[in-house]
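Only one structure is covered here, and it is reproduced in the block below.
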Amino acid sequence: MPEAALVAVRNETIHIFKITLDLIGLVFHLNQSKAKEGSGFFSELLFNTKKDKTPADLFNNILSTNKSIMVFASKIPVHDLEELERRELAHYNNMVITLSQVAKTVINIGPEIEEIESSENTSVSQLMILICDTTNSNLVLLHKILEESLEKQTLEVYNNQIKQDYKMVVEKIAEAIEKKLIQEKDISLLLMVNGMATQTIRQLFRTLEKLI
């Protein structure tokens with residue numbers, strides 16, 4: 001039945017969404033206790049990933065599963081679905097595309113994160129921890145949105161929080177620049193990683209906003 005197939009697409013898409021959150025957590029090394037104590041993304045919210053998995057493992061899993069979802073979804077007889085169900089199926093297809101894009105973005109900034117974390121500059125390390133903290137908080141936020149039925153007003157509050165986190169990190173980087181605490185190379189890396197982290201979080205937020 002097409003309705004049952006639609007439910008299967010939804011369930012698998014949500015599963016891959018959670019794996020994508022895990023990928024972000026692994027690439028940012030949130031499993032190594034860099035995020036502030038108590039926010040515990042990996043200690044409390046490791047969704048669907050065994051601890052021995054690498055970012056490359058998750059990335060390949062996301063892309064291959066997303067391809068399978070798209071192939072499966074393409075075989076659902078759309079003409080047997082109600083209009084609302086057709087729109088829902090189209091959203092899952094778009095969501096899968098977004099998840100693949102996010103996975104590629106995240107895996108590609110891995111080397112920059114490694115370079116920042118290898119710095120012996122204390123100010124650079126502190127700024128990277130701040131980026132990890134905000135990323136960690138936003139992953140927890142996304143999970144909360146995924147698991148709970150939220151009103152649009154609450155979603156707007158969360159959306160504003162993502163914006164404020166980005167702005168706060170940029171301001172801290174600007175302060176470090178003004179005090180000449182970080183070098184030009186570090187500035188560009190920190191701004192890029194913070195920007196990419198926020199971009200991926202906002203992409204994921206928008207997909208959930210349409211889902212609920």
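For the single chain, residues carry numbers from 1 onward in sequence order. Treat the numbers as computed from the prediction; the structure is a model and nothing was measured.
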Is a donor on one side and an acceptor on the other found under 3.5 Å between the side chain of H29 and the backbone of E117?
no

Working note: V27 + L23, criterion side chain to side chain contact (heavy atoms under 4.5 Å, CB included); need CA distance, chi angles, decisive distance, verdict.
CA-CA 6 Å; V27 170; L23 174 63; 3.9 Å; yes

Using a 4.5 Å cut-off on heavy atoms from C-beta on, say whether the side chain of M196 contacts that of N108.
no

Decide yes or no for I173 and I182: does some side-chain heavy atom of the first lie under 4.5 Å from some side-chain heavy atom of the second?
yes

Could you state the interatomic distance from CD1 (I69) to CZ (R10), rounded to the nearest 0.5 Å?
13.0 Å

Closest non-hydrogen atom pair between H143 and L21, with its separation:
N-CD1, 4.3 Å

To the nearest 0.5 Å, what is the distance between CD1 (I24) and CD1 (I19)?
12.0 Å

Counting only heavy atoms not in Q183, do more than 12 fall under 6.0 Å of its CD?
no

On a heavy-atom basis, the closest approach of P2 and L81 is CB-CD2, 3.7 Å

If you compare all heavy atoms of E3 against all heavy atoms of D80, which two are closest, and at what distance to 0.1 Å?
OE2-O, 4.2 Å

Within-4.5 Å side-chain heavy-atom neighbours: N66 and T13
no

Work out which heavy atom in F28 is nearest to a heavy atom in A197; give both atom names and the distance.
CZ-CB, 3.7 Å

What is the distance from atom CG of N60 to atom NZ of K53, rounded to the nearest 0.5 Å?
10.5 Å

Could you walk me through whether E88 and V9 satisfy the side chain to side chain contact (heavy atoms under 4.5 Å, CB included) test, starting with their C-alpha distance in whole Å, then the side-chain angles of each, then the deciding distance to 0.1 Å, before giving a yes or no?
CA-CA 10 Å; E88 187 178 355; V9 170; over 6 Å; no

Does a sphere of radius 6.0 Å around OH in Y166 hold more than 12 heavy atoms from other residues, nucleotides or ligands, not counting ones at 6.0 Å or beyond?
no

Could you check if a side-chain atom of T65 sits within less than 4.5 angstrom of a side-chain atom of H15, using non-hydrogen atoms only?
no

Distance alone, cut at 3.5 Å: any donor-acceptor contact between the side chains of D165 and Q161?
yes

Side chain proximity check, Q101 to T200, heavy atoms < 4.5 angstrom
no

State, without any angle test, whether D57 and T54 hold a side-chain donor-acceptor pair at a distance under 3.5 Å.
yes

Measuring only between side-chain heavy atoms, which start at C-beta, is L142 closer than 4.5 Å to F205?
yes

Check whether any side-chain N or O of N136 sits under 3.5 Å from a backbone N or O of C132 as a donor-acceptor pair, and report yes or no.
no

With side chain to side chain contact (heavy atoms under 4.5 Å, CB included) as the criterion, how do E156 and N160 come out once you've worked through the C-alpha distance, each side chain's angles and the decisive distance to 0.1 Å?
CA-CA 6 Å; E156 187 58 32; N160 288 333; 3.5 Å; yes

Drop me the distance from I201's CD1 to R206's CZ, to the nearest 0.5 angstrom.
11.5 Å

Rounded at 0.5 Å granularity, tell me how far CG in L99 sits from CD1 in I16.
8.0 Å

Do N159 and R202 get their side chains close enough for a donor-acceptor pair, meaning under 3.5 Å?
yes

Within the structure provided, determine whether I116 and V193 are in side-chain contact (heavy-atom separation under 4.5 Å).
yes

Side chain to side chain contact (heavy atoms under 4.5 Å, CB included), that's the test. Do L130 and N194 meet it? Break it down for me.
CA-CA 10 Å; L130 183 60; N194 183 49; over 6 Å; no

V7 with V78, same ILVMFWY side-chain cluster at under 4.5 Å
no

Is the shortest heavy-atom distance from the side chain of F17 to the side chain of V102 under 4.5 Å?
no

R86 and E82: CA distance, side-chain angles, deciding distance, salt bridge (charged side-chain N to carboxylate O under 4.0 Å, His left out) verdict:
CA-CA 6 Å; R86 285 198 291 270; E82 300 291 338; over 6 Å; no

NZ-CG distance between K185 and L190, expressed to the nearest 0.5 angstrom:
10.5 Å

When you measure from the side chain of S125 to the backbone N and O of N121, does any donor-acceptor pair fall under 3.5 Å?
yes

